[in-house]
Amino acid sequence: SDTFSGGSSPSYEAPDDCEWHFVDDLKGYSGGISLTCHLTAINSNMEKTNFSVIPSKLTRKLRVICSEALALSRLEPSSFSSLTNLEELASEGCRFEHFPALAFEGLGRLRKLTIHTTRMHQLTTDTVVSTSPFAIGIDAFVGMPSLIHLDLSGISLRSIPPSELCHLPSLRHLDFCLLYTYDATD
């Protein structure tokens, strides 16, 4: 949780397997925290992921890097709802089959969402690229009225409900680069 030491200076306690830095070194805590977490997978059969343990008051950016390319990651409805000040959310190397309804509910300040199934810094021959078809459920994008940038490049999109992007009134940048779309009306 967010604590204050010495009465005037905030401190930040990152969860295990996470490291943090200031979003803007000149602003320090007032500019917010960028948090990077290294997980096996999100809500896999092996482990449950609880994003509510992340200090919400100062966290502005969250980057989740999954280390097990073959482990299936799952989001539950409102998975990130405790992170009310989050402005950027990125997932790298996490293999999803779908996003359920209300997966991002509660992220009213989120401006950028990036989902990549491969870790962007890993460019070696052992990179595992997920080819599992990915589906976006009805109402998966509800709860992100401030989202400007949606990047789903590099995933294999099986389906997206026809009016799903209508839940994103502020959307200005949509990246489906390198996607293999199977059926947009599924």
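- Between I136 and E164, the closest heavy-atom pair is CG2-CG, 4.0 Å.
- We find the CG-CG distance between L110 and L62 to be 10.0 Å, quoted to the nearest 0.5 Å.
- In this structure, H167 and P169 approach most closely via the heavy-atom pair O-CD, 3.2 Å.
- Across all non-hydrogen atoms, the minimal contact from V23 to R60 is CG2-CB, 4.1 Å.
- In this structure, C94 and V64 have side chains that are in contact, with non-hydrogen atoms separated by less than 4.5 Å.
- Taking the six-membered ring where the residue is Trp, the centroids of Y12 and Y29 are separated by 6.0 Å or more.
- Checked by atom type and distance alone, the side chain of N43 never pairs as donor or acceptor with a backbone atom of K48 at under 3.5 Å.
- Atom OG of residue S146 and atom CG of residue L107 lie 10.0 Å apart, to the nearest 0.5 angstrom.
- Applying the ring-ring contact (aromatic ring centres under 6.0 Å, His included) criterion to H38, with sequence neighbours excluded, gives no partner residue.
- The closest side-chain heavy-atom distance from T114 to L89 is not below 4.5 Å.
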TODO: Any chance you could lay out the salt bridge (charged side-chain N to carboxylate O under 4.0 Å, His left out) test for R63 and E92, step after step, and finish with the verdict?
DONE: CA-CA 8 Å; R63 180 176 171 215; E92 294 179 22; 2.9 Å; yes
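- Under the side chain to side chain contact (heavy atoms under 4.5 Å, CB included) criterion, L102 pairs with P77, E105, V142, not counting sequence neighbours.
- Of the possible donor and acceptor atoms, none in the side chain of S34 sits under 3.5 Å from a partner among the backbone N and O of F22.
- The closest donor-acceptor contact from the side chain of R95 to the backbone of G93 lies at 3.5 Å or more, if one exists at all.
- With L113 as the fixed residue, the side chain to side chain contact (heavy atoms under 4.5 Å, CB included) test singles out one of L152, D151, I148, L147: L147.
- No donor-acceptor distance shorter than 3.5 angstrom exists from the side chain of S73 to the backbone of A41, with no hydrogens or angles considered.
- For the ring-ring contact (aromatic ring centres under 6.0 Å, His included) test, residues two or more places apart in sequence or in another chain that qualify with F104 are F99.
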TODO: Under the side-chain contact (heavy atoms from CB on, under 4.5 Å) rule, what do L171 and L150 come out as? Steps first, then yes or no, please.
DONE: CA-CA 7 Å; L171 189 65; L150 177 59; 3.8 Å; yes
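- Listed by first and then second residue, the salt bridge (charged side-chain N to carboxylate O under 4.0 Å, His left out) pairs involving residues 133-146 amount to none (not counting sequence neighbours).
- The shortest heavy-atom contact between I42 and F96 is CD1-CZ, 3.9 Å.
- Contacts of C18 classified as side chain to side chain contact (heavy atoms under 4.5 Å, CB included), with partners at least two apart in sequence or in another chain: A14, P15, L35, C37.
- A distance of 8.0 Å separates CD1 of I138 from OG of S163, quoted to the nearest 0.5 Å.
- Under a 4.0 Å N-O distance rule, the pair R111/E88 does not qualify as a salt bridge.
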Indicate every side-chain donor-acceptor pair of residues 79-86 with a distance under 3.5 Å to a residue at least two apart or in another chain.
residue : atom : partner : partner atom : Å
S79     : OG   : E76     : N            : 2.8
S79     : OG   : E76     : O            : 2.6
S81     : OG   : S78     : O            : 3.1
N85     : OD1  : R109    : NH1          : 2.6
N85     : ND2  : S56     : O            : 3.4
N85     : ND2  : K57     : O            : 3.2

